[in-house]
Amino acid sequence: MAEPPPERQRWSIIVVRSGGFAGMRREWRANSDDDDRIDWTGLVEACPWNARSPRNAGADQFVWRISATGPPRQCTATLGDPALTGPWRELVLTVQSVHKQNRATPG
Amino acid sequence: MVFGIVPPYLLAHIADLEDDRFAAAKKGARRALQQSPPFRAARLTFSFDDADNLVMELADGPNRTISDAEQQEVLPGVVARSEGEEPTGDPSTDEAYDGLGATFALFSEVYQRNSIDGAGLPLDATVHYGELFDNAFWNGERMVFGDGDGEIFGRFTGSLSVIGHELAHGVTQYTAELEYAGQSGALNESISDVFGALVEQHSLDQSVDEASWLIGEGLFTDEVEGSALRSLQAPGTAYDDDVLGKDPQPAHFDDYVETEDDNGGVHINSGIPNRAFYLAAEALGGNAWERAGQIWYDTLSLPLEPTSDFAAFAAATVQAASARYGEESEEVEAVVAGWAGVGVTGATIDGRATA
Ligand SMILES: [Zn+2]
């Protein structure tokens with residue numbers, strides 16, 4: 001069992017989806033340790049955390065709150081559903097798939 | 001009997017008729033011809049009066065276009081059914097078409113509002129949006145419906161109250177413009193639930209007592225323990241499921257939920273004004289779209305602030321009821337009691353007209 005290289009950042013990521021017509025909250029979580037073959041730092045750093053996302057137009061669209069914690073770094077963002085594209089979508093799909101795998105094979 | 005679309009040449013002919021028996025049709029035809037773009041849609045009805053005269057009447061009609069996103073998250077998709085066309089056989093397309101027609105009918109026939117903007121705005125919808133997409137929404141211009149994941153949700157066009165809810169968001173956007181966050185957001189949501197429920201009741205000709213008062217009935221698959229997503233009659237009781245948990249809607253202002261999610265819980269706290277409407281409608285009895293619905297509809301046209309809270313909206317409903325039915329009317333009494341029943345009271349609601 002090789003130790004990860006010391007410079008490797010470890011991340012804990014939480015994705016919360018709220019709103020939508022049903023108004024039901026859903027949450028997905030993943031940690032670097034869940035799957036160290038994934039380039040978590042690359043996924044996190046590709047996202048424009050500091051860019052202001054436009055508010056959802058209209059009504060009943062999903063709202064996404066994404067937070068990534070990799071001490072000492074802490075990033076959070078709130079996005080409307082139409083803004084969940086490119087690197088955001090990549091990150092969320094990865095967290096959802098790792099979360100699903102974890103639940104499928106409980107330790 | 002409804003004969004669908006009237007071609008422009010026939011409209012022009014009707015507009016020029018000299019016969020007094022066709023005065024209503026003539027007026028309607030002239031109005032339709034003056035619209036810009038020149039002609040959108042109208043409903044022509046023929047009947048015979050007591051003297052056996054043929055009576056033609058021209059009324060506002062919807063102008064629907066249903067598009068198919070073909071499981072992509074790209075709008076608008078390809079046109080699947082336009083106004084006046086025959087059913088396609090695709091349930092989502094045909095339910096959206098019929099549901100928009102039923103919603104148009106409520107606003108047009110009961111409240112004399114011609115479509116979302118009051119001026120015949122085309123009704124555009126997209127079905128089959130996204131893959132296993134668990135939502136329906138209004139994007140500011142069109143109504144969009146997902147197919148559901150098949151495990152928790154079926155297709156979102158499956159409930160008329162959902163289609164009415166989405167179209168009503170358009171009406172609110174063109175009238176009260178309530179900001180979609182916090183209390184004003186919960187009011188925005190509640191208005192859509194109210195008119196979504198009323199579309200269903202009007203379409204099924206159900207009185208207050210006969211109606212289910214549910215939003216999204218039939219949306220859940222058989223796997224879910226629940227009848228619908230929300231209940232206006234009993235917020236918090238629509239579902240109670242192992243996986244989904246329990247319907248989180250409060251039925252009283254004391255239980256208002258403070259949260260960062262969902263723009264401040266707009267789909268949760270809407271339970272409070274939803275029940276206020278139900279209580280007012282129940283007190284008045286009969287058909288809810290007639291008096292209670294009329295008061296809520298009139299309220300949308302009052303000068304509300306975009307950030308109006310429950311108390312301000314409640315005061316506006318009392319003002320609307322007073323203006324239409326009189327200060328001492330049973331309608332005003334029912335509306336005041338409805339809000340009191342959910343704990344929204346105060347100096348702003350005292351049963352007096354403020355206008
Ligand atoms: Zn809504």
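Sequence lines set the chain letters: A, B, ... in the order given, protein chains first and strands last, and positions in each chain run from 1.
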Most contacts with chain B, counted as non-hydrogen pairs under 4.5 angstrom, among [options]:
{"options": "A:Val63, A:Val16, A:Asp60", "answer": "A:Asp60"}
{"options": "A:Arg26, A:Arg17, A:Arg89", "answer": "A:Arg89"}
{"options": "A:Pro82, A:Gly23, A:Ser18", "answer": "A:Ser18"}

Discussion item. With rounding to the nearest 0.5 angstrom, report the CG to CG distance, B:Asp147 to B:Leu132.
Written reply: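 The distance works out to 8.0 Å.
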Item to complete: Can you see which heavy atom on B:His165 is nearest to which on B:Ser192, and at what distance?
Response: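 Heavy atoms of B:His165 and B:Ser192 come nearest at O-OG, 2.8 Å.
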Check each atom of [X] against the heavy atoms of chain A and say whether the ones under 4.5 Å are side chain, backbone, both or neither.
{"X": "B:Glu189", "answer": "side chain"}
{"X": "B:Val266", "answer": "neither"}
{"X": "B:Glu73", "answer": "side chain"}
{"X": "B:Phe220", "answer": "side chain"}

Worksheet entry | B:Gln249 side chain to B:Ile268 backbone, donor-acceptor under 3.5 Å |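 Present.
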Worksheet item: Checking A:Gln61 side chain against A:Gly80 main chain: does a donor-acceptor pair fall under 3.5 Å?
Response: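 No; zero donor-acceptor contacts below 3.5 Å.
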Practice prompt. Tell me, for A:Asn56 versus chain B, whether the close heavy atoms (under 4.5 Å) come from the side chain, the backbone, both or neither.
Written response: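 When you check distances to chain B, no heavy atom of A:Asn56 falls under 4.5 Å.
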Worksheet item: Looking at B:Leu229, B:Ile215, B:Asp261, B:Asn139, which one has more heavy-atom pairs under 4.5 Å with chain A than the rest?
Response: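 Ranked by contacts with chain A, first place is B:Asp261.
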Worksheet item: Parallel, tilted or perpendicular for A:Trp28 and A:Trp64, by the 30°/60° rule?
Response: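 Rings of A:Trp28 and A:Trp64: parallel, under 30°.
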Worksheet item: Using the benzene-type ring in the case of Trp, are the ring centres of B:Phe133 and A:Phe62 under 6.0 Å apart?
Response: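 Ring centroids of B:Phe133 and A:Phe62 are less than 6.0 Å from each other.
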Discussion item. Just so I know, are the side chains of A:Trp49 and A:Arg73 near enough to count as touching, which here means a heavy-atom distance under 4.5 Å?
Written reply: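 No, side chains not in contact.
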